[in-house]
Amino acid sequence: MECVYCFLGFLLLAARLPLDAAKRFHDVLSNERPSGYMREHNQLNGWSSDENDWNEKLYPVWKRGDPRWKNSWKGGRVQAVLTSDSPALVGSTMTFVVSLVFPRCQKEDANGNIVYETNCRNDTGPSPDPFVYNWTAWTEDDDWGNDSSQGHHNVFPDGKPFPRPPGWKKRNFVYVFHTLGQYFQRLGRCSVRVSINTTNVPLGPQLMEVTVYRRHGRAYCPIAKVKDVYVVTDRIPIFVTMSQKNDRNSSDETFLRDLPIVFNVLIHDPSHFLIESSINYKWNFGDNTGLFVSNNSTLNHTYVLNGTFSLNLTVQAAVPGPCPTPSPRPLTPTPALPTNLKSHYSNSPVPDGDNPLQLRDVPDENCRINRYGYFKATIEIVDGILEVNIIKMTDVLMPVPQPDDSVVDFVVTCEGTIPTEVCTVISDPTCRITQSTVCDPVDVDVGELCLLTVRRAFSGSGTYCMNLTLGDEASLALTSTLVSVPGRDPASPLRIANGVLFSVGCLTIVVTVIALLVYKKHKDYRPIENSTGIVVKGKRLNVFLNRAKAVFSRGNQEKDPLLKNHPGTL
């Protein structure tokens, strides 16, 4: 009897060995086995249970650290990058993208082959063969494209045949996605995209894993694995940007008093799940101004007091959704059907004459599910520079001629706090090409009235764009102006003034020299006498003055023939 039991046990063990030896998807794709609840009650549309068998002969399985990974790709290792548009609102669609990063100098060509890039040198130098993997030649040489071979080679790990849309032979990679105890297979090129509906996905963070295989003769070779966390939430994912004119740093949540702050709400909805929803924005700015309700995602608000304020925002979206199936209830007669029946969840069945009307007969698109999103922030309101203006520009006449540079004084006023620095950026007339940038500290003794003069030099004549900025610790106030610098031609007022001064100086020197010469000439003939000497001296002085006068006042007695044709020249 014991022998019979032993024999039966041996048979059972032998029958079980193939089952134990066969690998399943969850054995290959993940070390963590999700609960049976996920497999049974959270079925993703188009996905399969990871309890299915894995064809290890066609798709070999290598553990981490296996030396075969080093030779799974020519010229190095392939990296897989997995991204998603997480977080996703429950009920919306989430998209995953896997992209392959090949070793240096390798890329995928238009036919799906992997080739070496032209004029790119890697560590091993240029390759005589332009192909890394020439799958086009493989399909032409063997029976990849024959219908008879489809059941043997062109299949996924679970044995399902490849789909054959146009260009399917150029897709030489097999991607296997795995999450929530289910898998999805995809044939693609160096990048694929997969989307799932999150209606049956549990809330919270989940793990997505992807394994990538490449064609390898009549089988497939693993080349990369990657995983990433995604999040499904019942709260609307929102992000709020806050910006303000003259605010120096919008990321520090410090803003200026008496200037409007622009609040812009961004809803993360890449699948446009909320496109038909009615969305309301409820604001409480924390400054005792009350509750603001708007259907616009952008709102301006001005704080008139300094201090710290707590900002709160609630976003409410009425999302179209299926109406719930009511539980059976006894029918009660009702005279008429309410007009707002289709807009609420808690509508009980009512009769229409003698025929009962069940709620499930109401079109699904007329029911709404309210979803909410929340945002909180603490902001600081301080004083700052509110406005800056250039009220006057003056051309500065320098004492030393400067033929290349023109100096201009700008008289600047501002409102708000006193600035601590002034910066100017001088550029071309389009304000795009910067020519010079100068920053100077502002004297602390400017006074309560913000009035200062900024002197700047311009290289040559022409039109310039000048941006002038006044700043302090919390604010930056900007103004711009176009400056026209005239050319410094010889007839300019400054050069005329310099020429007049030079001529007067030369004339004075000539008169002095002539006077000295005439005086020296008559000095030797002056007699030394007593009382009469004074008279003679007076006469000789008169003679000297008359002769000097004659020299400089010849008038119509000028006989120089060179001036006869120019009567107006002096």
### Task
Go through the steps for Thr424 and Phe410 under the test side-chain contact (heavy atoms from CB on, under 4.5 Å), then give the verdict.
CA-CA 11 Å; Thr424 57; Phe410 299 89; over 6 Å; no
### Message
The test is side chain to side chain donor-acceptor pair (under 3.5 Å); show your working for Ser427 and Gln435 and say whether it passes.
### Response
CA-CA 5 Å; Ser427 55; Gln435 298 179 358; over 6 Å; no
### Message
side chain to side chain donor-acceptor pair (under 3.5 Å), that's the test. Do Thr420 and Asp472 meet it? Break it down for me.
### Response
CA-CA 5 Å; Thr420 58; Asp472 61 8; over 6 Å; no
### Task
Would you please test Val98 and Arg186 for side-chain contact (heavy atoms from CB on, under 4.5 Å) and show each step?
CA-CA 11 Å; Val98 181; Arg186 184 73 179 270; over 6 Å; no
#### Entry: Check against side-chain contact (heavy atoms from CB on, under 4.5 Å), Ile223 and Phe102
CA-CA 11 Å; Ile223 60 172; Phe102 301 113; 6.0 Å; no
### Task
In sequence, state the C-alpha distance, the side-chain angles, and the governing distance for Thr378 and Ser310, and then conclude on side-chain contact (heavy atoms from CB on, under 4.5 Å).
CA-CA 5 Å; Thr378 301; Ser310 296; 4.2 Å; yes
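Scored by the salt bridge (Lys or Arg N to Asp or Glu O under 4.0 Å) test, Asp440 finds Arg456 as partners (sequence neighbours excluded). Asp85 pairs by the side chain to side chain donor-acceptor pair (under 3.5 Å) definition with nothing, not counting sequence neighbours.
Here the side chain of Gln244 pairs a donor or acceptor atom with the backbone of Leu259 at under 3.5 angstrom. Although no hydrogens or angles enter the test, the distance criterion places a donor-acceptor pair under 3.5 Å between the side chain of Thr179 and the main chain of Leu207. Lys282 places no side-chain N or O within donor-acceptor distance of the main-chain N or O of Thr314, the cut-off being under 3.5 Å. The main-chain N or O of Asn113 is never found under 3.5 Å from a side-chain atom of Asn111 such that the two would form a donor-acceptor pair. No donor-acceptor pair under 3.5 Å is formed between the side chain of Tyr303 and the backbone N or O of Ile261. The closest donor-acceptor contact from the side chain of Gln106 to the backbone of Lys74 lies under 3.5 Å. A donor-acceptor contact shorter than 3.5 Å is absent between the side chain of Asp383 and the backbone of Thr417. In this structure a side-chain-to-backbone donor-acceptor pair under 3.5 Å is missing from Thr198 to Thr93. Between the side chain of Asn284 and the main chain of Asn312, no donor-acceptor pair closer than 3.5 Å is present. Listed for the Glu117 side chain is no donor-acceptor partner under 3.5 Å among the backbone atoms of Lys107.
Other residues, nucleotides and ligands contribute at most 12 non-hydrogen atoms within 6.0 Å of the CZ atom of Arg193. At most 12 non-hydrogen atoms from other residues, nucleotides or ligands lie less than 6.0 angstrom from CG of Asn288. More than 12 heavy-atom neighbours from other residues, nucleotides or ligands sit within 6.0 angstrom of CG on Asn300. Counting heavy atoms of neighbouring residues, nucleotides and ligands inside a 6.0 Å radius, atom NZ of Lys245 does not exceed 12 of them. More than 12 heavy atoms of other shown residues, nucleotides or ligands fall within 6.0 angstrom of atom CZ in Arg189. Environment of CZ in Phe239: sparse, with no more than 12 heavy atoms of neighbouring residues, nucleotides or ligands closer than 6.0 Å. More than 12 heavy atoms of other residues, nucleotides or ligands sit less than 6.0 Å from atom CD1 of Ile391.
Of all heavy-atom pairs spanning Ala110 and Lys170, the tightest one is O-CD, 3.8 Å. Nearest approach of Ala80 to Leu100, heavy atoms of both residues: CB-CD2, 4.0 Å. In terms of heavy atoms, Ser406 sits closest to Val485 at OG-CG1, 3.3 Å. Scanning all heavy atoms of the two residues, the minimum distance from Ser84 to Phe96 falls at CB-CD2, 3.5 Å. The shortest non-hydrogen separation linking Trp73 to Pro103 is NE1-CD, 3.6 Å. Scanning both residues, Ala317 and Leu274, for their nearest heavy atoms gives CB-CD2, 4.3 Å.
Here CZ of Arg371 is found 6.0 Å from CG of Asp234. Values are rounded to the nearest 0.5 Å. We find the CD1-CD distance between Ile279 and Gln316 to be 10.5 Å, quoted to the nearest 0.5 Å. To the nearest 0.5 Å, atom CD1 of residue Ile418 and atom CG of residue Leu470 are 10.0 Å apart. Atom NE2 of His301 sits about 8.5 Å away from atom CG of Leu299, to the nearest 0.5 Å. To the nearest 0.5 Å, atoms OG1 (Thr481) and CG (Asn389) are separated by 11.0 Å. Interatomic distance, CD1 of Ile236 versus CG of Leu89, reported as 6.5 Å (0.5 Å rounding).
Using a 4.5 Å heavy-atom threshold, the side chains of Ser86 and Met94 count as touching. Within the 4.5 Å cutoff, the side chain of Cys431 has no heavy atoms near those of the Ser480 side chain. In this structure, the side chains of Val81 and Val226 stay at 4.5 Å or more apart for every pair of heavy atoms. Side-chain contact between Cys465 and Leu482 is present, with at least one heavy-atom pair separated by less than 4.5 Å. Residues Val97 and Ser191 are in side-chain contact: their nearest non-hydrogen atoms beyond the backbone lie under 4.5 Å apart. Val382 places a side-chain heavy atom less than 4.5 Å from the side chain of Leu256. The shortest side-chain heavy-atom distance between Phe273 and Ile267 does not fall under the 4.5 Å cut-off. Between Pro130 and Tyr116 there is no side-chain heavy-atom pair separated by less than 4.5 Å.
Side-chain rings of Phe285 and Phe309 stay apart, their centers remaining 6.0 Å or farther from each other.
Aromatic ring pairs are classed by plane angle as parallel below 30°, tilted from 30° to 60° and perpendicular above 60°; the pair Phe458 and Tyr464 is tilted.
With Trp283 as the fixed residue, the ring pair (Phe, Tyr, Trp, His ring centres under 6.0 Å) test singles out one of Phe263, Phe375, Phe292: Phe263. Remark: of the listed residues Thr211, Val192, Ile196, Val192 is the sole one forming a side chain to side chain contact (heavy atoms under 4.5 Å, CB included) with Phe177.
Side-chain contact of Ser294 with Asn296: a donor-acceptor pair under 3.5 Å is absent, judged by distance alone.
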